[in-house]
Amino acid sequence: MYYAQVNQQTHHPSRTMIVIGYGQVMATPSSVQLQIEVQTQGNHVQGPQQENAAIMNEVMQSLIALGIPREQIQTASYTITPLYNFKDGKQIFNGYEVVNAISVNVSDTNDLGLIIDTAVENGANRITNIQFKMDHTDAYYQQALSLALQNAQLKAKTIAETIHPHLPLQPLPVEIVEEQANTPILYRSMAVSSGITPIEQGQIAIDATVRVKFQY
């Protein structure tokens with residue numbers, strides 16, 4: 001924050017100051033995305049590959065049975081990796097690992113714990129990249145933007161009144177610059193656990209920042 005030096009002449013020229021205003025609105029997530037993985041290992045690539053395919057098919061069918069549309073389930077990655085151990089400085093081949101990961105988009109965040117438990121019960125052995133999202137953020141961002149401008153005006157008024165405590169000053173905004181906004185995403189990751197999986201979705205913070213030049 002900075003402001004121009006006050007001119008002490010009888011007739012004051014226009015004075016300006018620049019302040020930064022911040023606004024924030026909290027919103028409940030409207031959707032969630034998570035990654036479900038099946039990892040298998042074996043001495044020959046065909047074994048873990050076939051096992052992985054069978055398990056992932058069971059996982060996907062169980063998710064569809066929960067009411068998740070097939071188009072909201074898509075492959076995120078598929079890898080086959082040779083495994084090695086090191087003994088006495090030598091690299092020893094130790095089979096293959098196959099990892100099949102699917103991305104699942106869920107509109108009802110309250111079902112997340114059930115979805116995770118169902119996937120694990122049907123063979124998934126890793127859950128990662130849980131991301132709570134807002135599908136429609138514009139209305140919330142407009143509220144945050146309004147709060148940011150109010151914050152800037154309050155700061156400017158405080159500065160002006162501090163410099164000239166006996167004059168009824170009302171700073172006038174002459175330039176407003178909207179700073180670049182960050183994508184509002186609340187991100188969480190977790191590992192597989194037994195029993196019912198509790199998930200706290202929390203809230204997403206939508207921020208806005210403005211840089212305002214005031215004349216007073």
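All values derive from a computational prediction rather than experimental measurement.
- Residues Q24 and A205 share a closest heavy-atom pair of NE2-CB, 3.7 Å.
- No side-chain donor-acceptor contact under 3.5 Å links D88 to the backbone of K90.
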**Request:** Step by step, work out the side-chain contact (heavy atoms from CB on, under 4.5 Å) result for I127 and E37.
**Result:** CA-CA 6 Å; I127 309 293; E37 300 180 9; over 6 Å; no

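- Looking at V104 and Q33, their side chains never come closer than 4.5 Å, going by heavy atoms from C-beta outward.
- Here the side chains of L147 and V25 are in contact, with some heavy-atom distance below 4.5 Å.
- Within the 4.5 Å cutoff, the side chain of V174 has no heavy atoms near those of the F214 side chain.
- Separating the CG atom in N122 from the CG atom in L63 is a distance of 8.0 Å, to the nearest 0.5 Å.
- With rounding to the nearest 0.5 Å, the separation of CD1 in I163 from OG1 in T158 is 11.0 Å.
- M26 CE to D207 CG: the interatomic distance, rounded to the nearest 0.5 Å, is 8.5 Å.
- A pairwise comparison of heavy atoms in A148 and A208 identifies CB-O, 3.7 Å as the closest pair.
- What you find for Y216 and H164 is that their closest heavy atoms are CE1-CD2, 4.2 Å.
- Note on I80: it does not cluster hydrophobically with M56, by side-chain heavy-atom contacts below 4.5 Å among ILVMFWY residues.
- A distance of 14.5 Å separates CG of N100 from CZ of R126, quoted to the nearest 0.5 Å.
- With contacts defined as side-chain heavy-atom distances shorter than 4.5 Å, the pair L34/N129 does not qualify.
- Ring geometry for Y84 against F93 counts as perpendicular: the plane angle is over 60°, on a 0 to 90° scale with 30° as the lower cut.
- The minimum heavy-atom distance between N151 and I20, with the atom names listed, is OD1-O, 3.9 Å.
- The shortest side-chain heavy-atom distance between E175 and V212 does not fall under the 4.5 Å cut-off.
- When atom types are taken as modelled, the side chain of Q72 and the backbone of N105 share a donor-acceptor pair closer than 3.5 angstrom.
- No single ILVMFWY cluster, assembled from side-chain heavy atoms under 4.5 Å apart, contains both V99 and I36.
- Residues M60 and I73 meet the side-chain proximity criterion, which asks for heavy atoms closer than 4.5 Å.
- Judged purely by atom type and a 3.5 angstrom limit, N125 uses its side chain to pair as donor or acceptor with the backbone of Q39.
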**Prompt:** Are Y22 and K155 close enough, and set up right, to give a side-chain contact (heavy atoms from CB on, under 4.5 Å), and what steps lead you there?
**Reply:** CA-CA 11 Å; Y22 300 98; K155 288 180 178 179; 3.9 Å; yes

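- Panel note: side chain T40, backbone P48; a donor-acceptor pair is recorded below 3.5 Å.
- Of the possible polar contacts, none joining the D111 side chain to the V106 backbone as a donor-acceptor pair under 3.5 Å is found.
- Judged by distance alone, with hydrogens and angles left aside, the side-chain atoms of N52 form a donor-acceptor pair with the main-chain N or O of V98 at under 3.5 Å.
- Within the 3.5 Å criterion, the main-chain N or O of V59 finds a donor-acceptor partner in the side chain of S62.
- Rounding to the nearest 0.5 Å gives a distance of 10.0 Å between OG of S31 and CZ of F132.
- I206 approaches A27 most closely through the heavy-atom pair CD1-CB, 3.8 Å.
- No side-chain N or O of Q49 forms a donor-acceptor pair with one of E51 less than 3.5 Å apart.
- Counting only heavy atoms from C-beta outward, the side chains of K157 and Q170 approach each other to under 4.5 Å.
- Neither M17 nor L154 shares a network with the other; the hydrophobic side chains, linked directly or stepwise wherever heavy atoms of I, L, V, M, F, W or Y lie under 4.5 Å apart, form separate groups for each.
- In this structure, L66 CG and D108 CG are separated by 11.5 Å, a value rounded to the nearest 0.5 Å.
- At a threshold of 4.5 Å between non-hydrogen side-chain atoms, the residues I116 and I130 count as touching.
- Hydrophobic clustering of Ile, Leu, Val, Met, Phe, Trp and Tyr side chains at less than 4.5 Å, counting indirect connections, keeps L172 apart from V210.
- A 6.0 Å sphere centred on OH of Y140 holds no more than 12 heavy atoms belonging to other residues, nucleotides or ligands.
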**Q142 vs S146, side-chain contact (heavy atoms from CB on, under 4.5 Å): CA-CA, chis, key distance, verdict** = CA-CA 6 Å; Q142 297 303 324; S146 177; over 6 Å; no

**Message:** One pair to check against side-chain contact (heavy atoms from CB on, under 4.5 Å): I102 and Q35. What are the steps and the verdict?
**Reply:** CA-CA 6 Å; I102 58 173; Q35 187 164 298; over 6 Å; no

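- Cluster annotation: L83 is not connected to V45 through the hydrophobic network of ILVMFWY side chains, with a link wherever side-chain heavy atoms come within less than 4.5 Å.
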